[in-house]
Amino acid sequence: MRRLLAILIPGLLLLTACGGGNPAAPEPSSQSAGDVAKFDSLKISDNGDKKAPGLEFPKPLDVAEPTVKEVTEGSGDRIKAGQIVEMSYLAVDGKTGKTLEDTYPSGAQPIELNDKLKQGSSLIYNVVVGAKVGSQIAFAVPGKAASGGTAAGSSQLLVFKLISVKDAPKVLDKPEGDTVTPPAGLPTVKVNNDGVPEISVAGVKAPASLIAQDLIKGKGAVVKATDTLTVNYVGVTLGGGKKFDSSFEDSFGHKGVATFPLNGVIKGWTQGLAGKTVGSRVLLVIPKALAYPDATPESGKPIGDLVFVVDILGTE
């Protein structure tokens, strides 16, 4: 969500895990936790989805432990584990009632109700799963845990509104789409019996600029540079064809797919995969300047021009 929420609930991340995971059973049903009696006098005046609600509560609001409760039940669909919920929140100082943060003006933010959230912020996960769209959820943090500009020792009160919910996008098991015949002069790619792409760079010249060639053209969502991708990939050096990384094989320290923000990787990936589609298999030939331009033998990073085959399996 926003800065304050990230401080208070470090495990609450914006869609950073791959979608479509199977939730653990049984699912919670909007479970309260903590000193919930402190919310008995809390009154919330709903002002719609675009404006923060009005709050009335006896001050100071003090809790000895993180406390969460659904205060007002919505009338929309019931929210399930594995879905994506969009929520806005208002955060106030529990001692003074002063507004600390209001996310309503900038719009609701999506959070995936996945195992990563469940492990990092179980209180939020358990109260949201089973609630209905439109519900207002109160979450109070003790003063000793609070930060972000409140008076010393003040608890913080956050009131979430669950704006909407949708199913998480499906993550593919492998690329799906139309096969594309690449032009001559590029590295060639064959798939071995284990389904792993093998790259040959024999006779391939150094690229003058970035090459991003579809080998399979997927029919899914268009990738944006700000998306978080779920992919499988293989990387080799153009000079010599030495494999230096692969998400397909455990010997490279990976197991299964990789998930990461596209704007947090090398420029060749960011520029080469933005605009591609989910389901695609993409051949990237990346000049050194867009890979690891400062790599040395001591750095452990691959040196020179690089070649990747990337399967785009999902995006958020």
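Keep in mind that the numbers below use all heavy atoms, side chains included, and drop hydrogens, waters and symmetry copies.
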Please collect all salt bridge (Lys or Arg N to Asp or Glu O under 4.0 Å) contacts where either partner lies in residues 28-44, sequence neighbours excluded, each pair once.
Asp35-Lys38, Asp40-Lys69
Among all residues two or more places apart in sequence or in another chain, which pass the salt bridge (charged side-chain N to carboxylate O under 4.0 Å, His left out) test with Lys219?
Asp178
Between Ser106 and Thr103, a side-chain donor and acceptor under 3.5 Å
no
Salt bridge (charged side-chain N to carboxylate O under 4.0 Å, His left out) partners for Asp167, two or more places apart
none
Could you list all the salt bridge (Lys or Arg N to Asp or Glu O under 4.0 Å) pairs where at least one residue sits in residues 289-304, not counting sequence neighbours?
none
Partners of Leu210 by side-chain contact (heavy atoms from CB on, under 4.5 Å), sequence neighbours excluded?
Gln271, Ile286, Pro287, Leu290
Pairs flagged by ring-ring contact (aromatic ring centres under 6.0 Å, His included) wherever residues 294-316 is involved - sequence neighbours left out
Phe244-Phe308, Trp269-Phe308
Restricting to pairs with a member in residues 172-202, which pass ring-ring contact (aromatic ring centres under 6.0 Å, His included), not counting sequence neighbours?
none
Pairs involving residues 270-291, ordered by first then second residue, that meet salt bridge (Lys or Arg N to Asp or Glu O under 4.0 Å) (sequence neighbours left out)
Asp214-Lys276, Arg281-Asp311
Can you pull the side chain to side chain donor-acceptor pair (under 3.5 Å) pairs that have at least one residue in residues 51-62, sequence neighbours excluded?
none
Test salt bridge (charged side-chain N to carboxylate O under 4.0 Å, His left out) applied to Asp227 - qualifying residues, sequence neighbours left out
Lys224
For Asp46, which residues count as a salt bridge (charged side-chain N to carboxylate O under 4.0 Å, His left out) partner, sequence neighbours excluded?
Lys161
Qualifying salt bridge (Lys or Arg N to Asp or Glu O under 4.0 Å) pairs with a residue from residues 75-84, counting only residues at least two apart or across chains
none
